[in-house]
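Worksheet: one structure, shown below.
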Amino acid sequence: MATSISKEEVAHVADLAKLTFTDAELEAYTNQLQDIVSLVGKMAEVDTEGVEPTFSVTKNVNHLREDKADNWHEKKALLKQAPEEAADLIKVPAILSGGEEA
């Protein structure tokens, strides 16, 4: 793993991403990235032998409701206001085929 990051490397990656930074910003980002690389290096030194992977640190559970249409009667009123409808749905222009009718 790389142990240091140069200002030139940061400038090169910024150029690849089509980003422009001042010299002061490049210096600041280089320092921040170097701190991150150093921290990752320290974390790699930690002995994790026998430690079970943690997927969540809380016991939060998603409480989902049943997916049912409670206001189905309002759909007809909505469709009446739509510019176009087809098959009981609001018809919109196609976006993946360039907007032409399918």
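Residue numbers run from 1 in the order of the sequence given. Values below: all heavy atoms of this structure, side chains included; hydrogens, waters and symmetry mates excluded. Source: prediction; values computed, not measured.
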Under 4.5 Å between side-chain heavy atoms, hopping through other hydrophobics if needed: is there a path connecting I36 to I5? yes
In this structure, OG of S4 is separated from CG of L33 (nearest 0.5 Å) by 12.0 Å
Compile the donor-acceptor pairs under 3.5 Å between side chains in residues 37-48 and protein atoms, sequence neighbours left out, one pair per line.
| unit_1 | atom_1 | unit_2 | atom_2 | d |
| --- | --- | --- | --- | --- |
| S38 | OG | Q34 | O | 3.0 |
| S38 | OG | Q34 | NE2 | 3.4 |
| D47 | OD1 | E49 | N | 3.1 |

Any chance you could lay out the side-chain contact (heavy atoms from CB on, under 4.5 Å) test for E9 and T30, step after step, and finish with the verdict? CA-CA 9 Å; E9 289 172 316; T30 301; over 6 Å; no
Side chains of D88 and K75: closer than 4.5 Å at any heavy-atom pair? yes
May I ask you to list the residues sharing a hydrophobic cluster with V51, side-chain cutoff 4.5 Å, ordered by chain and number? none
Nearest-0.5 Å distance, CG of residue L89 to CD of residue E84: 13.0 Å
Please list, chain by chain and in numerical order, all residues satisfying salt bridge (charged side-chain N to carboxylate O under 4.0 Å, His left out) with E85, sequence neighbours excluded. none
Is there a donor-acceptor pair under 3.5 Å between the side chain of D15 and the backbone N or O of A11? no
Partners meeting side chain to side chain contact (heavy atoms under 4.5 Å, CB included) with T54 (sequence neighbours left out): V57
For residues 28-65, which residue pairs pass the ring pair (Phe, Tyr, Trp, His ring centres under 6.0 Å) check, not counting sequence neighbours? F21-Y29
Any residue meeting side chain to side chain contact (heavy atoms under 4.5 Å, CB included) with I90, in chain and number order, not counting sequence neighbours: L78, L79, A82, V92
